[in-house]
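Structure first, commentary second.
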There are 2 protein chains.
Amino acid sequence: MAEGRVHNFGAGPSALPIDVLEEATKGLLNFQETGIGIAEISHRSKEFTAFLSETEDQIRTLLRVPPTHKILFTQGGGSGQFSSVVLNLLARHHLLHPDLKNEDRVMDYVVTGSWSKKAMEEAKRLGGGRVNIAADARRYSQDGKSFDTVPPHDDYIFSADPALIYYCENETVDGVQFAGEAGLPTSFPFAKLPENTILPLVADYSSSFMSRPIPRLADHAVIFAGAQKNLGPAGLTILIVRQDCLVDVDAAAKLGAIPVPLMLSYKTLADSNSLYNTPPVLPVYIAGLVLRKMSAEGGLQTYAQSNRRKFEKIITALKEGEAKGAYKGKVKEGSVSWMNIVFDVPGEGRLQQFLDGAAQRGMKGLAGHRSVGGVRVSLYNAITEEETDQLVQYMNEFATKTS
Amino acid sequence: MAEGRVHNFGAGPSALPIDVLEEATKGLLNFQETGIGIAEISHRSKEFTAFLSETEDQIRTLLRVPPTHKILFTQGGGSGQFSSVVLNLLARHHLLHPDLKNEDRVMDYVVTGSWSKKAMEEAKRLGGGRVNIAADARRYSQDGKSFDTVPPHDDYIFSADPALIYYCENETVDGVQFAGEAGLPTSFPFAKLPENTILPLVADYSSSFMSRPIPRLADHAVIFAGAQKNLGPAGLTILIVRQDCLVDVDAAAKLGAIPVPLMLSYKTLADSNSLYNTPPVLPVYIAGLVLRKMSAEGGLQTYAQSNRRKFEKIITALKEGEAKGAYKGKVKEGSVSWMNIVFDVPGEGRLQQFLDGAAQRGMKGLAGHRSVGGVRVSLYNAITEEETDQLVQYMNEFATKTS
């Protein structure tokens, strides 16, 4: 580890691999022997377009993205996509069903945490269709307002032919995630989805992208992810879009759909290979280096296995600490995120003691999101098993001192 | 200069100061002794929010931005703003004039090059108002379709109470720029603007931002600039927005305005101090370092003087070369950009000879935009006078060999 670096368990922007950062310092001054730094090189230079194309290929290979889907690079983060998915998929719905009234265009939202709630609110705010809450996880919490579980399969009610069906795979703030293995009670209920339609299924994968394989990827219309968790710096958003969702938004607007800003149109991005305007070259570069490293180290399965081990280590320490009364997990079993594990430290002043003690040991970024408090342990790809072990050791020591 | 670096006269992304890049390599591994790299640190950490606030202050001080205007940081580039200015200022117009029909909402566009043309086309595409071409520079070109001059003051026709009045201060592709000094025939015709209204004046300053002072800055409603010319890496967009343009877009939508995606609302950005969602932390960082350097070196006047000298050196070489038949300037006198000087190299194969010879001497990025060809010399802030002298020497040698 480079001098003075601490262990960054933050929820994002979050830790990046040190060897990638060290390589990036070279690229910042001279990208691939061009004599020009990566932040300075033309996005239309053959060197950068080749790099962008390689980055796309890496994602395609690592996630096994089928040729039915385009991989696109854009800006604006997950919050930008909250609007873009609505605008593009409403446009698609207008083209498929030109005669439908807007109040009969339904957008199904699965609400499992604060991010899917925000996305749902943006759909309501934009209008152009009616929002149906296909499932609301708060119903299953003790206080009726917390997000601490994924709803059980039987309780989802999807519409027959919605404009979109939306879920957030991993809720970064609340630490709730769908189980990776389809069929588990807490996995996404693919079997419940409407049949006889090309599914307009949208998933926000921002904080779990590239941490493990994406179940039923090919069935998705749009998968999006901000880069700043497992992949790279903030300022880059990755899109995986099925080709039938690259629609002519102008034709849809003529039919009454909301006009779509040009840079938010998926077709604009796809037609230009993500080079309609200058992409965020430097974030793309670092993400590309991270992907190269992932491929060299055995691909997604290697990371998925390591992420599972890291998760289980922290969960074991959490449960042992719970038994001693030191910690209290916030999320119900089966819905606990691999990426963001949230728990309380009960007792006057104990939370601050926990955080201070961690900081003294060089472990930072462990405070929970300001809206929920407590501790949040983010175990993104760049967190090593050794770093996880250090945190486990500290959690155990702290719990023992408590009991 | 770091080993292997060439002279990058590219039009953007473009050269950055080497000392800034060297400092950034340190920040990439460890930002301000936090133990966390700048690409990894939380955007809500006290260290980053302080840096963001300092960056804002630097812009305010360097450009003398009055307290009537907010400085905002966003993503999506100039092309993203082509839509955002229309959506926000149409919303403002709806709130000011709720009873007006949309066909009576006029947006005045001054078209002086390919970027203002694109912006105008986006306004037409989005709808919600009528586009009036306040002036079209093509009228003054020999072939009726080239952009090679700024229209004379007498020929602008602005509307009485438009939703917006749009111009692009420097046309990067065509090399056409408004003269900096107000009152010159080729400056922006402020005196012709409608009176008795708070001007909804919008300027795209992408490729001249921070190169010299902005005339009549306080009279602008919105000034926007992609960072990737004089300021920093691609992926960051700077906005200077007058407070009356931070409007409630939802209230306007209820009155019939086009719904505005949340992240494109200026009010969303302003209310959250540009931290509604994760900003492009790494591009902000490098831009902040560039601004620190500018302040330390005497501020905008120093740069403006140096940029004028660089411009005059190249123009002198161009004119001497023209006299020898080696070059042919593309832009009429008085409208030539300080930032992007475009010229042809007449004669079979001569252009390629010019570019190859330059590349052999370590000078890259000199090919004109793919839509217009020829040579484009971009003289952004990071291009030193020594680099300019090298290019001048080469231009002179090449011209002499031609004659």
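What you are looking at is a predicted structure, and each value in this text was computed from that prediction instead of being measured. Sequence lines set the chain letters: A, B, ... in the order given, protein chains first and strands last, and positions in each chain run from 1.
Nearest approach of B/Arg5 to A/Gly37, heavy atoms of both residues: NH1-N, 3.5 Å. Between B/Pro13 and A/Ala39, the shortest heavy-atom distance links the atoms CB-O, 3.7 Å.
Under the 4.5 Å side-chain criterion, counting only non-hydrogen atoms from C-beta, B/Ser84 is not in contact with A/Pro261.
One N or O on the side chain of B/Lys364 and one on the backbone of A/Thr34 form a donor-acceptor pair closer than 3.5 Å. Judged purely by atom type and a 3.5 angstrom limit, A/Asn277 uses its side chain to pair as donor or acceptor with the backbone of B/Gly76. A donor-acceptor pair under 3.5 Å is absent between the side-chain atoms of A/Glu40 and the main chain of B/Ala15, judged by distance alone.
Comparing B/Glu33, B/Lys26, B/Lys118 by how many heavy-atom pairs each has under 4.5 Å with chain A, the most go to B/Lys118. Between chain A and the residues B/Arg125, B/His43, B/Arg370, the largest count of heavy-atom pairs under 4.5 Å involves B/Arg125. Interface summary for chain A: among B/Leu282, B/Leu262, B/Ile41, the most heavy-atom pairs under 4.5 angstrom belong to B/Leu262. Comparing B/Gly127, B/Ser14, B/Gly10 by heavy-atom pairs within less than 4.5 Å of chain A, the highest count is held by B/Ser14. Of the residues considered (A/Thr278, A/Leu264, A/Leu87), A/Thr278 shows the highest number of contacts with chain B, using heavy-atom pairs under 4.5 Å. For chain A, the option among B/Asn30, B/Ile38, B/Ile36 with the highest count of heavy-atom pairs below 4.5 Å is B/Ile36. Ranking A/Gly12, A/Pro280, A/Gly365 against chain B, the residue ahead of the rest is A/Pro280, based on heavy-atom pairs under 4.5 Å.
Atom CD of residue B/Gln75 and atom OG1 of residue A/Thr74 lie 8.5 Å apart, to the nearest 0.5 angstrom. Atoms OG1 and CG, on A/Thr25 and B/Leu29 in that order, are 6.0 Å from each other to the nearest 0.5 Å.
Proximity to chain B is limited to the side chain of A/Ile286, based on heavy atoms less than 4.5 angstrom apart. In this structure, the portion of A/Val260 lying under 4.5 Å from any heavy atom of chain B is its backbone and not its side chain.
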